[in-house]
Amino acid sequence: ADARAFAAFTRRKPAQWGQPDVRRWIDHLVRRGTKPSRLRQHLCALVFLFRKTLGRPRAVSFISWPRDPVRSPAVLSVQEVHRLLRAVPGLNYRKLFQTMFASGLRIREACRLRTEDLDVQRGLIRVLGKGSRKRQAALSPRLVEAIAGDPLQRLPDGRWLFTGRRGNPLDPDQARRVFRKAVEAAG
């Protein structure tokens, strides 16, 4: 479809296509407001067409790949965080999200926390992050109190900190659904 659109745009035969046609097509797509992800698809089709099918890689050698704009995350006020946490159903999920907000953990990281990952004396959480990278996050005394208070010592070693009904770690996808519902409820 992308190659057909390019052909319709140029109104010329493939033997006559060249770098100026490719440049005009890209300019047309950019002026039309094509998003970077869609533009990359068009460019991939052009690169394949010219390199593999037509055997003219020089016609597309100038192409640089557009990047998606960097979006800044929404920063919530303290009141918004409190309202959101109050809207979370269930104490276990509320503790999970408190931990995430207080320590900056990703949802999968928080769901996979074990009690042995908490170093209360040093105020640290050992986290196994993306790509199995190990890192540390802050563990404030207030967070320890919010998670478990003194009963933290009673939790068995090696067990998951946030568990479902069967004792398995909370499912990140389910936690996302719970969070979305809490966001809707909190307004």
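Both backbone and side-chain heavy atoms feed into the values below; hydrogens, waters and symmetry mates do not. Owing to the predicted nature of the structure, the values given are computational and were not obtained by experimental measurement. Counting from 1, the numbers follow the sequence of the chain as shown.
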Grouping I, L, V, M, F, W and Y whenever their side-chain heavy atoms are under 4.5 Å apart, do [X] and [Y] come out in a common cluster?
| X | Y | value |
| --- | --- | --- |
| Val22 | Phe48 | no |
| Leu124 | Leu143 | no |
| Leu43 | Phe62 | yes |

At their closest point, which heavy atom of [X] faces which heavy atom of [Y], and how far apart are they?
| X | Y | answer |
| --- | --- | --- |
| Leu49 | Ala3 | CD2-CB, 4.4 Å |
| Arg106 | Met100 | C-CE, 4.2 Å |
| Arg83 | Ala186 | NE-O, 3.2 Å |
| Trp160 | Arg112 | CZ3-O, 3.2 Å |
| Asp68 | Ser37 | OD1-N, 3.8 Å |
| Phe50 | Ala59 | CD2-CB, 3.5 Å |

Determine, for [X] against [Y], whether the closest basic-nitrogen to carboxylate-oxygen distance falls under 4.0 angstrom.
| X | Y | value |
| --- | --- | --- |
| Glu116 | Arg126 | no |
| Asp173 | Arg176 | yes |
| Asp27 | Arg32 | no |

For this session: Please assess Arg114 against Leu161 for the test side chain to side chain contact (heavy atoms under 4.5 Å, CB included), listing each intermediate value before the final yes or no.
Result: CA-CA 5 Å; Arg114 294 176 180 264; Leu161 189 58; over 6 Å; no

Separation of [Y] [atom2] from [X] [atom1] (nearest 0.5 Å):
| X | Y | atom1 | atom2 | result |
| --- | --- | --- | --- | --- |
| Ile26 | Arg24 | CD1 | CZ | 11.5 Å |
| His82 | Arg86 | NE2 | CZ | 7.5 Å |
| His28 | His42 | NE2 | NE2 | 8.5 Å |
| Leu105 | Leu96 | CG | CG | 9.0 Å |
| Leu46 | Arg51 | CG | CZ | 11.0 Å |

For this session: Verify side chain to side chain contact (heavy atoms under 4.5 Å, CB included) between Leu39 and Gln41, making sure each step is shown before the conclusion.
Result: CA-CA 5 Å; Leu39 189 55; Gln41 290 175 340; over 6 Å; no

Side-chain contact, heavy-atom cut-off 4.5 Å: [X] with [Y]?
| X | Y | result |
| --- | --- | --- |
| Trp17 | Phe6 | yes |
| Arg38 | Asp2 | yes |
| Thr163 | Leu170 | no |
| Leu118 | Leu139 | yes |
| Gln136 | Ile125 | no |
| Leu84 | Phe97 | no |
| Asp117 | Leu128 | no |
| Asp171 | Arg177 | yes |

Spell out, as yes or no, whether a donor-acceptor pair under 3.5 Å connects the side chain of [X] to the backbone of [Y].
| X | Y | answer |
| --- | --- | --- |
| Thr34 | Val30 | no |
| Gln19 | Arg58 | yes |
| Arg108 | Pro172 | no |

Exercise. Any idea how Phe179 and Phe101 line up, ring-wise: parallel (<30°), tilted (30 to 60°), or perpendicular (>60°)?
Worked result: tilted

Problem set entry | Phe9 and Trp25 aromatic ring geometry - parallel, tilted or perpendicular at 30°/60° bounds | tilted

Exercise. Within 45° of the six-membered ring axis of Trp65 and under 6.0 Å from that ring's centre, is NZ or CZ of Arg40 located there?
Worked result: no

Exercise. Checking side chain to side chain contact (heavy atoms under 4.5 Å, CB included) for the pair Arg135/Glu109: CA distance, chi angles, key distance, verdict?
Worked result: CA-CA 11 Å; Arg135 65 186 181 98; Glu109 294 171 343; 2.5 Å; yes

Exercise. What's the verdict on side chain to side chain contact (heavy atoms under 4.5 Å, CB included) for Val127 and Lys134, showing C-alpha distance, side-chain angles and the deciding distance?
Worked result: CA-CA 6 Å; Val127 182; Lys134 293 179 181 176; over 6 Å; no

